[in-house]
Q: 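What follows is a structure written as structure tokens; I'll ask about it next.
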Amino acid sequence: MINDPSQLVQRALENGATHAALLSPDAVEVEGRLAAFCRDPRCPFFGQSMSCPPNVSGPATFREKLTQTQYALVLRLEVDTASLIGEERQEVFKVLQQIVSETEFAAKSYGFINSEGFAGGSCKGSLCGEFDYCEVLAGTGSCRNPDTARPSMSGYGVNVGKLMKAAGWSQEIFTEAFEQEIEMMWLAGLVLVK
């Protein structure tokens, strides 16, 4: 157990996040209209896993989770744009899922045993893309990746742009790494520390 939750920021960075910040749960804005975007315009992973709509409980439940949260640990993973446009896309989202889940486990090991992680993107594409269906949804078994798969922030209506701003980071999806002269993009994750 730790007394200083700011140590979780260091753990997130050690787990692979480019940036991490510990915020008040009040900094997390949830909007129903954002969760609705999963359905229309339909995300290709809509209904494909237990971690995405319509199989998550949505904004109202997330707002309730925030009332039980001590800290919101926001994570940012910056990657070169080419990796998100090409065949590496789902591998990058897999890395994000791993960073979020490892950071959630760290929070639990520090005594915040009810902590929950949420990631950008769908676990179906990033962790089970080679399979035709989600075992849980099909009723044929358990999650293939229970230690890594985390629910999508989008399905809960988390306003990720405002979360970036609250953390003091740019909301612009594209950034430029001047030293490398390559265009970068970011993905986000969130751990509710409780």
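As the structure is a computational prediction, the values presented were derived from the model and not from experiment.
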Q: Quick check against the 3.5 Å criterion: does E104 have a side-chain atom that pairs as donor or acceptor with the backbone of G117?
A: yes
Q: State whether a side-chain donor-acceptor pair under 3.5 Å links Y110 with R11.
A: yes
Q: Please state whether the rings of Y71 and F112 are parallel, tilted or perpendicular, taking 30° and 60° as the class boundaries.
A: perpendicular
Q: Would you say NZ of K94 has more than 12 non-hydrogen atoms from neighbouring residues, nucleotides or ligands within 6.0 angstrom?
A: no
Q: Using a strict 4.0 Å threshold on nitrogen-to-oxygen distance, state whether E116 and R150 make a salt bridge.
A: no
Q: Checking A35 now: which residues fulfil side-chain contact (heavy atoms from CB on, under 4.5 Å) with it, not counting sequence neighbours?
A: P59
Q: Taking atom CZ of R39 as the centre, report whether more than 12 heavy atoms of other residues, nucleotides or ligands fall under 6.0 Å from it.
A: no
Q: Any salt bridge between E91 and R89, counting N to O under 4.0 Å?
A: no
Q: Using the ring of each side chain (for Trp, its six-membered ring), is W169 parallel, tilted or perpendicular to H19, with breaks at 30° and 60°?
A: tilted
Q: For the atom pair CD (Q7) and CG (L22), what is the distance rounded to the nearest 0.5 Å?
A: 11.0 Å
Q: Distance check, rounded to the nearest 0.5 Å: N145 atom CG versus C128 atom SG?
A: 4.5 Å
Q: I'd like to check the side-chain contact (heavy atoms from CB on, under 4.5 Å) partners of V136; sequence neighbours left out, ordered by chain and number.
A: M50, C134, C143
Q: Main chain of K194, side chain of S115: is a donor-acceptor contact present, judged purely on distance under 3.5 Å?
A: yes
